[in-house]
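As structure tokens, the structure follows; a few thoughts come after it.
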Amino acid sequence: MTIPTSSTAQVIPGKGAMAAPEGVKPGKAKRQRFLFLKNKKAAFGLLILGLYVLFAIIGPWITPYDPDARSNDLIQPPSADHWFGTTHLGQDVFSQVLDGTRPVVFVGILAGAIATVLSVIIGITAGYLGGKTDDTLSALSNVFLVIPAIPLMIIITSILDSASNLLIALIIGLTSWSWNARVLRAQTLSLRRRDYIEAARATGEKTWRIVGFELLPNLTAVIASGFIGTVIFAVLSLITLAFIGIVSAAGWNWGTILFWAQGQQALAQGAWWWFVPAGLAIAFLGTALSLINFAIDEFVSPRLRSAGKTKLKTASGGTVRMRIGFTPVLSNSAEPHTRARPIPINTDGATPVAREVAK
Amino acid sequence: MTQDAKAPSNRPGPSVPSGGPGIGNGTAEVVLEAIGLTKHFPVRRGLRQLFSKERTAVHAVDDVHITLRRGRVVALVGESGSGKSTVARLLAQLYPRTAGDIQLHGKTITVKGGSAFRAYAARVQMIFQDPFASLNPVHTIRYHLTRALKIHHNAGKTDEDLENALRELLTRVSLTPPERYLDKFPHELSGGQRQRVAIARALGADPEALLADEPVSMLDVSIRLGVLNLLRDLKERLNLAILYITHDIASARYFADDTLVMYAGRMVEGGDSETVTQTPAHPYTRLLIDSAPDPDRLAADADPLEEDRGNGEPPSLIRPPSGCRFHPRCPMAMPRCETDLPIRLEIGDKPGHWAACWLYDEATVAAQQPGVAA
Amino acid sequence: ACGDSPNADNANNANKSSVDFLKIGMPNGTQTENHNPFAGTSSANALGYKWMIYEPLTQWNPVRPAEPAIPWLASAVKWADDYKSAEVTVRDNATWSDGQKLTAEDVAYTFNLLKSNEALNQNAIPFDQITVAGNVVKVTFKTPQFVNQNKIMASTPIVPKHIWEKISDPATDVNKTPVGSGPYTLKSFTQAGVTLSVRTEGYWGTVPQVKELRYVSYADNNAQGTALANGDAEWSFVFLPNPKATFIDKDPEHHKVWAPGVLGIHGLYINTTIKPFDDVKLRQAMNMVINRTDIFTQAEASYFHPEIKSVTGLPPGAGDAFIAPEYKGKEFSNDVAGAKALLQSAGYKLNGKVLSDPSGKPVKIKLSDPAPWSDYQTSLEIIKSNFAEIGIAATVEKPNQDVWDKNVQTGAFEASMRWTNGGATPYDIYQTVMDGDLLKPIGTAAQQGNFGRFKSAEATAALTAYKNATSDEARTTAMNQIQKVFVEQAPMFPVGADNVGAAYSDKNWTGWPTDADPYSGAQPTQPYVSLIIGKLKPANS
Amino acid sequence: MEPVLEIRNLNVEYGLGERAVRAVRDVNLTLHRGEVLGLAGESGSGKSTLAYGLTRLLAPPGVITGGEVIYHPEKGDAYDVLGLSDKALRAFRWAETAIVFQGAMNSLNPVHKISTQLTDVLRAHEPRMSEHSRSARAREMLKLVGISPDRMDAYPHQLSGGMRQRVMIGMALILQPQVVIMDEPTTALDVVMQRQILGQLIDLRERLGFSVIFITHDLSLLVEFSNRIAIMYGGRIVEQAPAATIYRDALHPYSKGLLGSFPALRGPRRELTGIPGSPPDLAAMPSGCSFHPRCPQAFEPCAPHIPVLGRPDTPDGAARSVACWLHPTEQPVG
Amino acid sequence: MRYFLQRIAFYLFTLWAAITLNFFIPRLVPGDPVQSLIAKFRGQLSTEAINSLYVLFGLDENKGLWAQYIDYWKQLFQGDLGLSFTFFPSPVSQIIADALPWTVLLVGITTVISFLIGTSLGVLAGWRRGSWTDGLLPVTTFFSSVPYFWLGIIAIYLLTGPGSFFPSSGGFDSSLIPAWDQYFIPSALQHSLLPALTILISSVSGWILSMRNMMVTVASEDYITVAHAKGLSERRVAVSYAARNALLPNISGFALSLGFIVGGTLLVEIVFSYPGLGFILLQALGAKDYPLMQGIFLVITISVLVANLLADLAYLLLDPRTRKEG
Ligand SMILES: Nc1ncnc2c1ncn2[C@@H]1O[C@H](COP(=O)(O)OP(=O)(O)OP(=O)(O)O)[C@@H](O)[C@H]1O
Ligand SMILES: Nc1ncnc2c1ncn2[C@@H]1O[C@H](COP(=O)(O)OP(=O)(O)OP(=O)(O)O)[C@@H](O)[C@H]1O
Ligand SMILES: [Mg+2]
Ligand SMILES: [Mg+2]
């Protein structure tokens, strides 16, 4: 588990899309809000995520078999009956993967939500109030940052009788908020002295309103990307814990499938179908979430947005690439682009167009 | 200490003109007054200083007197970092002050937050320098204005009242027709329009005094004028007291009734705008005015002030120069300037024109030749 | 510089045509250097090489527990009839690897060491007097030791007095340079493994042909399995799921798995204090429907825990000699119809798929075991579906190991797969399940056994009688009595036996114990390993 | 007067296709040897774009869609800068035209000492120069702009804003270029500092003889410091004349409006007119004269026809040009 | 100076809090080392051994949690981390000393390599947007989303086996003795290749992404345009101006990730039976080995804190702006 290296730490809110005064055409501006979806990465990521969420909801109802049900087809390769083959007990792997989507998505989202709420509360409070509160809260989040997360989770889960998904989500959420809290604190610190926050204060807004209505909306992108990051982390944590057999509440998740497959040395038995699909399911979910996160980064910091076409055709037919430091020259003919001819006009007879001059 | 420390006792005698009674308007009602206003920002102390008694602080504002009167504009000019914004924020009670007094209609007021602060904010409002930064990018114009109205209970009772109040506000700042602007986001407006919204927001509180901190310095030349004219218009129509902060002394001349000049946290000169800009008394004011671009001057003209001392750098505010803070750069500096804090001295060319400079103390000038500091 | 390297020899050896070493693996994770034979946590114990360095007094074959022990360091062991004392005659040709002679003093010292260090006395043997007369050591015990005889004689490594008496705290000493009487001495310990080399002189027995033993501790079963399949390990004791596919097929000619059962079993413990499971009839019916064959083939990969067929719960092979005459040939039959009939006669009702007890409540049961124990989990899944056939709704819970352990000990469970103790007689098995002396109230931890809170004065009395009996007839009577209670009351549903087998490759070395010649167990960590190693011969000779 | 830089019909766009913003449109401008040419106009009128477009320094999505930039070196033949290869362009940059940017803090690399930043120009352009003479040259330049050479090893953040700007000016002059482009070099400074630095620049120009393109929106500053002023509006040059001429007698209504927006510090308090309306949207430029929607004097031809920059029929028309239908022009001039 | 003292006070506090938490949390877990040991051996250890084990581990004396805590600190100040239960009676300090070098070398070097490769690719991707480097990101993202134990297991399955160059497990060949010689070092390298590769594959994309983003951000700074305007070579602009500045924020991320080396590699070490600390930690967790757990947590905590300090220092060294006060 390397530390999350999402670039949120470098995001400069307020300098984002909203603050780019040029290039925004009044009237079309409303559509800005949906600009996010225009991002190919975001759209693709959301599409996949949507599929996963759909399966999380309907998965258990559409499984072709009861994922627990044993049958006589032991360790069968994928076939029309069993799309992902079967386990050593003759259980249907496809059904298990489908059934296992719900806990993964549930734990991921819930843990992400818990960690996000905590990090928002702690990070923003620390950043906005400053002083002693800040010192205390920063110290707290640093302690949580320093304590290794997975071992901590292992310990805490073993305190509990049986770990339901809800509890696991809680534990992951409660132990993984600190990184985001740090990022948010830094962001809040930089926002706190913004003129519009000061202006709201000067207008007479109450502190909670400033935090809730002026500060928070400007942190949405950072919070969202922190949320996504935590979801990824939570999913991987859940799967890791399940894989090493620490967490295994009733029911399936992809980690449990991998746990069983590994316990039965599926690959050594040649039963790749038992081991591979769950891993790929995780990878695609992770990729989808990462894509959304990239998109958020780009949304916040328009500089990261690729400028669409980067290859240009010159007048002479060659192609040039847009790059910094050497502006492409499409044509260097001295022909004027607009055909403006001096036309003789008699100024004496001209009547100024009457117009209302707005102030 | 200088005699200024006792300032409250001899206010508002003509010897201590603060905002300075302008011609004919001297009797206008005082709305907001700052007396001996001082703000030191503590610098975080290091370990070494932990044990010493000495406190380090940025002396951002020292002993400032300002009087804002109904229907008049007072300009506060000075170079960057001279403490102008700090004065405005102190007056808006956004910072607690280190010393001095802020009086609203003659009553000392110190508020930190809560309803007392809101009551104060209802009467004194501030406009920020940067219209691009002072509106929250995530909220519509409607939100900004509605909040301003609601906080100060000017929103009326019904939705209709609110709607009318909003239209009225926008109309007042000449953003017409109001419907076109109400539901826009700040980024959809030009700089001038944004600054108008910021002004409308301030007006939403229905204040008596408006503190405008460089309201046009971030705006394009061709738009500046519109905003300034609007402010002047409001001053006349609503009888507002306005503090106009700027570093552009020419615009102070154009727009303000009175002008105060600040240097390194202190007031160095004051008087009615025309006098201060046309016959500047303090060497710093002169430097400022001589430095302002002047199309009528020939480019090659050697400037006598060009070879000023101290590399033209403003002084450190953590350890400000002793005596007159301008003396290290002052071509006319006298030995006394290095030691004694100059008091406000009446210039005498126009009533209310004063400067804090020993050059106007005849005894000192006689004893020490200006320009030959030890 | 190359000559200085400790690895130079090895590199030279690599060129040799014949293989003179054996690669042994165990899936026991990281090891730290500790050659203390008494420490359960030592690397010597985890990898089992302590039995290559140190030796017991006798060798005992757990696969045929009823057979007499083979004299080893002791040339003879004579037990009193009441098994409260024994006379051990110490072999006179054994020497320690430092050249000193092994004497009766050493044996007495070892017994005294255990007696005076509770921490070392892992089998809790109640030593009393230990005296030496010439080459004979006479030991007396506070209680009869019939059931412990092999633990004392065949599982106690004898250590040299002249070395150990200088050790200040034998319990925590890592015994850096082990001196033993066995055929091997320590060559090197590294994080990758332990290497032993065969003694060139002074070993009392036949010097084994394997010149070097290379032990590696793998992280887990998977790594061990991979190593076995690759040929990186030639001998190990590890659970191989589907051993045919994962191991044997990789080299069908040489890769072998042998897993004989021993007198220690695994089964489903029932909490007999919980209604309706306090009803013997219900337990019997449940016991009847468990499909042990499915469990054996699907959960235990058709080899690991040999299927228990006898209704007495005694494993085939090792247990055969102990089965009471009335149960000889009586086997579990997976009799659903019989179970239904039994239940009906006892007042249970099966409505469709739901069984209700005489009071009308549906019968439900929670089966629990820690998640990582995948064979138990699989067994539970199978049991769950077996129970469903007679209308008992079972759910499988997977508490973590700590919680599970606590629950089992304090009786806060309904049913759980667990093991029993093992020993030279079936006593250990039945004691773990039924001993009234170990009975603790619900809520108090029962650390030694009887987790199901089984209350039977009859069983307790028979167990005590067996332990203290002074004649074989008395023992047989007691044992038959014990089995009767076990079969009739079904306090626990036996499923499979422990095994002392191994996965091995006879590519380089042959002579391993087999079904045809089960001269000992095959687990590489047990006392009999020097017996095996003595029989190994190069494959190509 | 001899030209150093001739811009012919330069066109610059941001982005491509439909949504492209045409930031510079058919700009023709000539810079003469030794003169200070002021470029004024409100924010967004394309001043910076023009300046960076000259040497192809615009960041993506900037694209030069047409035009020529003819450079006349002191010796040798004139050539088109836009046609240079990358290598030749690199050699051309800074040696022939140097640029001083608006914010010196942002134009100096914060992690390198100023000595490094001064000498790496020399290293790139005069590789055969010895390390010693490079640093001697750098010291000399610092002295020239009034900074004590012992600040050589300072990092940018250790210098005040004014000093940084001077370092930039020194750096711009280190290769003795023919043309120095200054894009709002003093807007971030206060007036006192601004005057000092500009005074120094004018001084240096007299000694070294380079030409300056001086960009600002502060017209009164330009009038004081430059020889000739060009005024831009909506990506076009709308008027161009000697500084004093513009100040006294601007022809284009936009120039007039601009001049009328500055309160004067001295002299009689004149009424300020300002310019009504708001700047045009470059992506949706009004037809015809782009100023016509705001122009108080607009009449029929303004909306449909684009006026061309040419000599007005005024007595001093020879020295100036304007693009306005109010002032019929004779012929396009560079 | 002041800054440093502040930081150090802060670190000390964090250290104390983390150690205290590390002490108490594991002790809330039910069960004890002996029970875990019994369960671990599943029938191999008879229940009669329980008493002897309690005596052996010194768990027979009943001490309050608080007294244990005080004792723990006393021991800690004497540099004594206690004896491990799992590897009884090895001292915790020795176990850690044996395992730490492996983790540090494997994961440390891999992290450094990953950072270097990722950063270089990130520089390329950020500098030459629109070239082939654009394809880098989606691919590496996919790989970084794969749980790396999964990747490792698949790698073992596909790439190891009889006759394969890659060994499937261990840190070096079991017939060798650790020594700096021509037999051991190649063997250790060979054994570290596969685990290193999997870590690399799954961690490199983070660096690529953050470096790319920083490059893009930095590339539009004025000083980059100035550097171009100065006619400097493309390389010099990209490296000395853009990358040098873009690197700064990443340096602290890098230093932080060094701190997570010890704690973050449980699974690679397990999958590859690598003799490192992460693997030992997992064993300690499973066995309720409080002293060992605490010892490893202490190492992790200290290394994260040291890494933090390093990050601060690195910033101080690399960014002249922070060097203001001495
Ligand atoms: N919160 C603060 N903490 C410490 N010092 C401050 C703070 N705010 C302002 N200062 C210092 O006080 C001095 C005056 O600042 P102020 O912002 O009032 O100047 P200003 O005249 O408004 O300048 P500008 O024209 O640039 O807006 C400056 O030296 C500044 O560094
Ligand atoms: N990257 C960009 N993408 C799209 N449009 C751009 C970009 N950069 C500049 N523009 C547009 O090009 C026009 C000219 O910009 P330019 O920076 O040259 O103006 P300017 O005259 O220098 O203004 P200022 O006085 O504010 O510096 C502006 O309208 C701006 O909106
Ligand atoms: Mg200010
Ligand atoms: Mg510009």
Side-chain angles (χ1 to χ4, degrees), chain D residues 48 51-52 54-62 84 86-114 116-127 153-158 164 168 171-172 174-175 177 180-181 183, chain E residues 3 119 123 125-131 133-134 211-252 254 311 313-326:
Chain D
S48 306
Y52 300 149
L54 293 183
T55 47
R56 293 180 55 199
L57 278 171
L58 291 167
L84 292 178
D86 284 3
K87 186 158 173 283
L89 184 60
R90 263 193 215 108
F92 169 82
R93 285 175 177 173
W94 220 256
E96 311 293 341
T97 51
I99 303 187
V100 179
F101 288 77
Q102 172 169 11
M105 186 70 226
N106 302 333
S107 349
L108 289 170
N109 187 344
V111 301
H112 291 316
K113 292 175 184 163
I114 57 169
T116 317
Q117 303 190 45
L118 281 167
T119 50
D120 69 1
V121 183
L122 297 173
R123 202 168 291 135
H125 289 274
E126 284 166 44
D153 286 330
Y155 285 95
H157 73 271
Q158 294 169 324
R164 289 197 287 259
M168 272 315 288
M171 195 185 297
I174 200 164
L175 294 175
V180 176
I181 299 171
D183 187 8
Chain E
Y3 173 73
T119 304
V123 168
W127 193 248
R128 317 200 139 256
R129 280 214 285 174
S131 65
T133 51
D134 284 0
M211 192 62 194
R212 185 195 89 115
N213 285 359
M214 271 325 288
M215 277 299 280
V216 171
T217 311
V218 166
S220 50
E221 294 285 347
D222 279 353
Y223 53 81
I224 300 298
T225 316
V226 173
H228 279 298
K230 278 155 77 172
L232 306 183
S233 70
E234 176 112 15
R235 242 184 96 85
R236 178 141 176 98
V237 181
V239 175
S240 174
Y241 281 71
R244 176 74 169 70
N245 279 284
L247 200 59
L248 286 176
N250 278 13
I251 284 291
S252 55
F254 173 60
L313 266 178
Y315 230 102
L316 220 58
L317 284 178
L318 290 175
D319 190 348
R321 282 165 292 191
T322 53
R323 266 184 246 154
K324 225 168 200 162
E325 299 141 310

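Keep in mind the model is a prediction, meaning the values are calculated, not measured. Below, chains carry the letters A, B, ... as their sequence lines are ordered, and counting in each starts from 1.
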Check your understanding: Taking D:Thr97, D:Val121, D:Asp86, D:Leu58 one by one, which has the highest count of heavy-atom pairs under 4.5 Å against chain E?
Key -> D:Val121
Point to revise | Contact origin within D:Leu108 toward chain E - heavy atom pairs under 4.5 Å | key: backbone
Exercise for review: Go through D:Asp120, D:Thr116, D:Leu175 and name the one with the most non-hydrogen pairs under 4.5 angstrom from chain E.
Suggested key: D:Asp120
Point to revise | Side chains of D:His125 and E:Lys230 in contact at under 4.5 Å (non-hydrogen atoms) | key: no
Study note, to complete from the structure: Greatest number of non-hydrogen atom pairs under 4.5 angstrom with chain E, of D:Ala172, D:Ala91, D:Ala124, D:Pro110, falls to D:Pro110
Check your understanding: Under the side-chain contact (heavy atoms from CB on, under 4.5 Å) criterion, do E:Glu234 and D:Arg90 qualify, and how do the steps go?
Key -> CA-CA 9 Å; E:Glu234 176 112 15; D:Arg90 263 193 215 108; 3.4 Å; yes
Review point. So which part of E:Ile224 gets closer than 4.5 Å to some heavy atom of chain D, the side chain, the backbone, both or neither?
Key: neither
Review point. Could you give the distance from CG (E:Asp222) to CG (D:Asn109), rounded to the nearest 0.5 Å?
Key: 12.0 Å
Review point. Do side-chain atoms of D:His112 reach the backbone of E:Ser240 as a donor and acceptor pair under 3.5 angstrom?
Key: yes
Point to revise | Proximal component of D:Thr55, with respect to chain E [non-hydrogen, under 4.5 Å] | key: neither
**Study point:** Separation of E:Arg236 CZ from D:Arg123 CZ (nearest 0.5 Å)
**Key:** 6.0 Å
Check your understanding: For the atom pair OH (E:Tyr223) and CD (D:Gln117), what is the distance rounded to the nearest 0.5 Å?
Key -> 10.0 Å
Point to revise | Full working for side-chain contact (heavy atoms from CB on, under 4.5 Å) between D:Phe101 and E:Val226 | key: CA-CA 8 Å; D:Phe101 288 77; E:Val226 173; 3.1 Å; yes
